[in-house]
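Counting starts at 1 for both ligands and their atoms, following the listed order. For the single chain, residues carry numbers from 1 onward in sequence order.
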Amino acid sequence: MIVAMQDEAKEELIQQVIEKMVEIGFDVHRTTGATSTILAGVGKPGHFDVAEFQVLEGVHQAYRISSPYKLAGRGFRPEGTTITFPNGVVVGGENVTIMAGPCSVESPEQILLSAQQVKAAGGQFLRGGAFKPRSSPYSFQGMGLEGLKLLREVADETGLLVITEVMEISQIELMLPYIDCFQVGARNMQNFNLLRELGYVRKPVLLKRGIAATIEEVLLSAEYILSGGNYDLMLCERGIRTFETYTRNTMDISAIPVLKKLTHLPVLGDPSHGVGKREFVAPMALASVAAGADGLLMEMHPNPDKALSDGAQSLFPEQLEKLVAQLRQIAPIVGRSVA
Ligand code: PEP
Ligand code: MN
């Protein structure tokens, strides 16, 4: 941390700031200029809030230099994290992982057909919500436990892995036997109690960016899960809310290379929620991979016009197949491949 004192700040005030820095665990290096004094705090301080220094009497400005997240930072594992699933699928390696399926599990027929179509297109994961966070309480809320059982059944039948959303702590135990990866949705990115509990399970987690979350907030949420000892964590850019209304959200492609720089965790893109309109999903998927994404989470429905949720952004099965074929061509340009 750097603290720049106001010009002509009294020695007494400077000493107060130094004391507070030392209390936190900083080694303080002082530079006294003709008019102003700069205090540089180095070493390994405990947790601190830079805002507390910014408001101290005599302080002109205080800046944090080190990142507030330790386990999520790239420096913790410079080589990058890879997550290996029970069937050998690796996320975060050379292969770009394809996760696809409907927004929600709706019926045995719908989810079986979806699994077959995802497999045929070249996917590794079947997605589908059994517990759905809907903006309206009157919208379809998901099939619950029945949906989890169906996901497991059809995924085993087709040789896919299951990723599905967990909305609350009480669902964790219930879900464990049926799933391969927990998905934390945008609305729950800062549900810190849920994140903490997911840190204690030994099953991978995909954490989606909140609709108004900064990159630092995403990484601090990741830190909650990592600090519980669960290192099998991946992040997902799924669009943020901006002034633009033409698309459902604004897919922040730039978040992908930025996150890849700041963290060792695999980073995926969800172009479906990113744009909300089917016709723009493929270009955003291609852009995500070109930007360095380790995988994609996409909505596809056997009959999107009849979908109970997110039909407008769900790809037709043929579109997913065509898109994966295009991804296979884009990926090698950035040193990746699509199985
Ligand atoms: C979903 O994946 O269907 C979903 C609800 O996503 P998000 O949490 O990103 O809105
Ligand atoms: Mn959805």
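Given atom 10 (O) of ligand 1, the protein heavy atom at minimum distance is R238 NH2, 2.8 Å.
Remark: D270 does not engage R209 in a salt bridge, criterion side-chain N to carboxylate O under 4.0 Å. Note on R30 versus E11: salt bridge recorded, some NZ/NE/NH1/NH2 to OD/OE distance being below 4.0 Å. A salt bridge is absent between D180 and K203; no separation between the charged side-chain nitrogens and carboxylate oxygens falls under 4.0 Å.
The nearest N/O/S atom of E299 to the Mn ion (ligand 2) is OE2.
Close N/O approach between A186 and ligand 1 is found [any backbone or side-chain N/O within under 3.5 Å]. At a 3.5 angstrom cut-off on N or O pairs, K208 counts as close to ligand 1. By the 3.5 Å distance cut-off applied to N or O atoms, R127 is counted among the residues near ligand 1.
In this structure, K132 counts as a contact residue of ligand 1, since one of its heavy atoms falls inside 4.0 Å of the ligand. Between C103 and ligand 1 there is a heavy-atom distance shorter than 4.0 Å.
With the Mn ion (ligand 2) as the vertex, OD2 of D310 and NE2 of H273 span 90° to the nearest 10°.
Under the 30°/60° scheme for interplanar angles, the aromatic rings of F48 and F26 are found to stand perpendicular.
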